[in-house]
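Quick notes on the structure that follows.
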Amino acid sequence: MKAKATLKQIAKELNVSVSTVSKALNDSPEISEQTKVKIKEYAKLKNYKPNVIGLNLKNRKTKTIGVIIPNILNSFFAKVFSGIEKVADKKGYNVITCISNESLEKEIHTLEMLSNGTIDGFILSVSEEAQKLQDYSHFSAIINDGTPIVMFDRIADEVECDKVVVDDFDSALNSTQHLIDLGCKNIALISSVDNLSVGKLRADGYLKALKDNNISLNEKIIIRTDSEEDMKSKIDAIFDHKIDAIFALDENDSVAALRVSLKKGFRVPEDISIIGFADGILASRRLSPSLTTVSQHGIEIGEVAAKKLIERLEESEEETSDYETIVIKTKLKERESTRKK
């Protein structure tokens, strides 16, 4: 069975734009009869199926948004999805959700599968593997084919599209400063997300706070890894040093920090104060003492991302606006794992 051609492949072979191919296949009066015949004959030869492949999504709406998240177990992504669905439902859009499982291959496959006319646009957070390999060409290809993308949380600076992020650097800087203001001098850093853009920004914020307060950097109490497994294998080592606080850069890191501190006989927050990123159910309700966390406002991020994509989908070609990066401010939720000032 012959593989089906795409608009992009036909355009490349005939040395015309994707828009020209789309308009020709749709019998647009803007395209000459000679060009239409040429493109249609070539499309038929290459097994192109117009009822499957999207033809100019600006003109043929499905009223459906594709959402791609990297990890279904992460409570933050669940909150973002909740925000997306709330806005989409209100605006009359359906939502199709897919999980990349942090895989570049699955991310590419999902984009190609859904951009064949199934959806109008994507809201997504970049997979771990794509960030690790710095491979973002699949996003640009989808955008160039006329399907808009809004990225959230984990983004690719190289890709020109709308983005919704939190102030990762500033919130890490402020959280570390909060620990310093409590009198903490030996603040450990725990990260299992150092290969992600958000992890790097948070670590940079921590380092800046130490520098601003003339606190010497102690590499022995800093764990920067790419996986939860690696982090857990190294976490015991930081307790061999005189630490009085821990700043954890992910929800799993935060839970591990609290559990190991208590297991080793430290009192929290009397001996060690702990602040963690992400405000999931574990942190706020199921741990004792409850964790002080940086709330990323996942629902708000989802709402803003959905509104932005729908605005982009519903604007006319004459109204096309510049791409925008929207920054959502985080909030430090103080609970039992930090001392009071």
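All residue numbers in this chain count up from 1 along the given sequence.
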Original post:
Does NE2 belonging to His241 count more than 12 external heavy atoms closer than 6.0 Å?
Top reply: yes
Original post:
More than 12 non-hydrogen atoms from neighbouring residues, nucleotides or ligands closer than 6.0 Å to CD on Glu324, yes or no?
Top reply: yes
Subject >> Expected output: side-chain Asn213 to main-chain Ala209 donor-acceptor under 3.5 Å >> reply: yes
Original post:
Roughly how far apart are Thr118 OG1 and Asn94 CG, rounded to 0.5 Å?
Top reply: 12.0 Å
**OP:** Measure centre to centre between the rings of Phe122 and Phe139, then say whether the value is under 6.0 Å.
**Re:** no
Original post:
Are Asn218 and Ser216 close enough that a side-chain donor and a side-chain acceptor fall under 3.5 Å?
Top reply: no
Subject >> Test salt bridge (charged side-chain N to carboxylate O under 4.0 Å, His left out) applied to Arg224 and Asp230, step by step >> reply: CA-CA 9 Å; Arg224 298 180 67 172; Asp230 197 12; over 6 Å; no
Subject >> Co-members of Ile108 in a cluster of I, L, V, M, F, W and Y side chains, linked at under 4.5 Å >> reply: Leu104, Leu133
**OP:** Return yes when atom CG of Asn15 has more than 12 non-hydrogen atoms of other residues, nucleotides or ligands closer than 6.0 Å, and no otherwise.
**Re:** no
Subject >> Ion pair check, Asp271 and Arg339, cut-off under 4.0 Å >> reply: no
Original post:
Are any non-hydrogen side-chain atoms of Ile149 and Ile142 less than 4.5 angstrom apart?
Top reply: yes
Subject >> Basic-acidic side-chain contact under 4.0 Å: Lys8, Asp145 >> reply: no
**OP:** Would you check, one step at a time, whether the test salt bridge (charged side-chain N to carboxylate O under 4.0 Å, His left out) holds for Glu128 with Lys132?
**Re:** CA-CA 6 Å; Glu128 177 184 336; Lys132 188 175 181 180; 5.9 Å; no
Original post:
What are the two closest heavy atoms between Val21 and Leu7, and how far apart are they?
Top reply: CG1-CD2, 3.7 Å
Original post:
Ile246 and Ile238: side chain to side chain contact (heavy atoms under 4.5 Å, CB included), yes or no, with the steps?
Top reply: CA-CA 10 Å; Ile246 301 173; Ile238 65 170; 4.3 Å; yes
Original post:
Given side chains that start at C-beta, do those of Ile65 and Ile96 come closer than 4.5 Å, heavy atoms only?
Top reply: no
Subject >> Side-chain donor/acceptor of Glu228 to backbone N/O of Asn252, under 3.5 Å >> reply: no
Original post:
If you round to the nearest 0.5 Å, how far is NZ of Lys46 from CG of Leu14?
Top reply: 9.5 Å
**OP:** Please check if the side chain of Lys23 supplies one atom and the backbone of Ser28 the other of a donor-acceptor pair under 3.5 Å.
**Re:** no
Original post:
Out of curiosity, Asp226 CG to Asn195 CG, how far, rounded to the nearest 0.5 Å?
Top reply: 4.0 Å
Side chains of residues 180-191: which donor-acceptor pairs under 3.5 Å do they make with residues two or more places apart or in other chains?
{"residue": "Asp181", "atom": "OD1", "partner": "Gln177", "partner atom": "NE2", "Å": "2.9"}
{"residue": "Asn186", "atom": "ND2", "partner": "Lys242", "partner atom": "O", "Å": "3.2"}
{"residue": "Ser191", "atom": "OG", "partner": "Val193", "partner atom": "N", "Å": "3.2"}

Original post:
Sequence neighbours excluded, which residues qualify as side chain to side chain contact (heavy atoms under 4.5 Å, CB included) partners of Thr330?
Top reply: Val166, Asp167, Ser171, Val294
Subject >> Donor-acceptor contact below 3.5 Å, side chain Glu334 vs main chain Thr292 >> reply: no
Subject >> Thr325 side chain to Lys163 backbone, donor-acceptor under 3.5 Å >> reply: no
Subject >> Pairwise distance CD(Glu129) to NZ(Lys106) - rounded to 0.5 angstrom >> reply: 12.5 Å
**OP:** Find out whether Thr225 and Lys234 are in side-chain contact, i.e. whether some heavy atom of one side chain is under 4.5 Å from a heavy atom of the other.
**Re:** yes
Original post:
Would you find more than 12 non-hydrogen atoms of other residues, nucleotides or ligands less than 6.0 Å from Lys263 atom NZ?
Top reply: no
Subject >> Polar contact flag, side-chain donor to acceptor under 3.5 angstrom, Glu251-Asn74 >> reply: no
Original post:
What residues form a side chain to side chain contact (heavy atoms under 4.5 Å, CB included) with Glu229, not counting sequence neighbours?
Top reply: Ser227
Original post:
Going by distance alone, is a donor N or O of one side chain under 3.5 Å from an acceptor N or O of the other, for Ser140 and Ser137?
Top reply: no
**OP:** Verify the neighbour count for atom NZ of Lys63: are there more than 12 heavy atoms of other residues, nucleotides or ligands below 6.0 Å?
**Re:** yes
**OP:** Before accepting this row, confirm whether a basic side-chain N of the pair Glu41/Lys38 lies closer than 4.0 Å to the acidic partner's carboxylate O.
**Re:** no
Subject >> Whether over 12 other heavy atoms sit under 6.0 Å from Lys91 NZ >> reply: no
Original post:
Does Val18 reach the side chain of Ile10, with side-chain heavy atoms less than 4.5 Å apart?
Top reply: no
Original post:
Is it true that Asp162 and Arg312 have a side-chain N and a carboxylate O under 4.0 angstrom from each other?
Top reply: yes
Original post:
Stepwise, does the side chain to side chain contact (heavy atoms under 4.5 Å, CB included) test hold for Val304 with Phe152?
Top reply: CA-CA 10 Å; Val304 171; Phe152 71 90; over 6 Å; no
**OP:** Using the side chain to side chain contact (heavy atoms under 4.5 Å, CB included) rule, take Leu249 and Tyr206 through it: C-alpha gap first, then chi angles, then the decisive distance, then the call.
**Re:** CA-CA 10 Å; Leu249 304 193; Tyr206 160 87; 5.7 Å; no
Original post:
Distance-only, no hydrogens or angles: does the Arg154 side chain make a donor-acceptor pair with backbone N or O of Ser125 under 3.5 Å?
Top reply: no
Subject >> Backbone of Ser192 reached by a side-chain donor or acceptor of Asp253 within 3.5 Å >> reply: yes
Subject >> Check against ring pair (Phe, Tyr, Trp, His ring centres under 6.0 Å), Phe76 and Phe277 >> reply: CA-CA 10 Å; Phe76 167 69; Phe277 247 89; 9.6 Å; no
**OP:** Determine yes or no for a side-chain-to-main-chain donor-acceptor pair under 3.5 angstrom, with Glu158 supplying the side chain and Asp135 the backbone.
**Re:** no
Subject >> Residue list, side chain to side chain contact (heavy atoms under 4.5 Å, CB included) with Lys208, at least two apart or on another chain >> reply: Phe169, Leu173, Asp212
Subject >> pair Glu107-His138: side-chain heavy atoms closer than 4.5 Å >> reply: yes
**OP:** May I ask you to decide if Ser82's main-chain N or O and Glu85's side chain share a donor-acceptor pair within less than 3.5 Å?
**Re:** no
Subject >> Ile328 vs Val165 side-chain heavy atoms within contact, under 4.5 Å >> reply: no
Original post:
Under a 4.0 Å N-O cut-off, is there an ion pair linking Lys307 with Glu303?
Top reply: no
**OP:** Decide whether Ser100 and Ser103 meet the rule of one side-chain donor and one side-chain acceptor closer than 3.5 Å.
**Re:** no
Subject >> For Glu311, salt bridge (charged side-chain N to carboxylate O under 4.0 Å, His left out) partners two or more places apart >> reply: Lys308
Original post:
Are Gln296 and Asp153 side-chain neighbours, meaning at least one heavy-atom pair lies under 4.5 Å?
Top reply: yes
Original post:
Is the backbone N or O of Leu111 less than 3.5 Å from a side-chain atom of Ser115, with the two atoms forming a donor-acceptor pair by type?
Top reply: yes
Subject >> Separation of Ile221 CD1 from Phe239 CZ (nearest 0.5 Å) >> reply: 11.0 Å
**OP:** Dump the intermediate steps for side chain to side chain contact (heavy atoms under 4.5 Å, CB included) on Leu25 and Lys40, then the final yes or no.
**Re:** CA-CA 6 Å; Leu25 293 171; Lys40 285 180 179 179; 4.0 Å; yes
**OP:** Please examine the side chains of Leu258 and Leu291, heavy atoms only from C-beta on, and report whether any two atoms are closer than 4.5 Å.
**Re:** yes
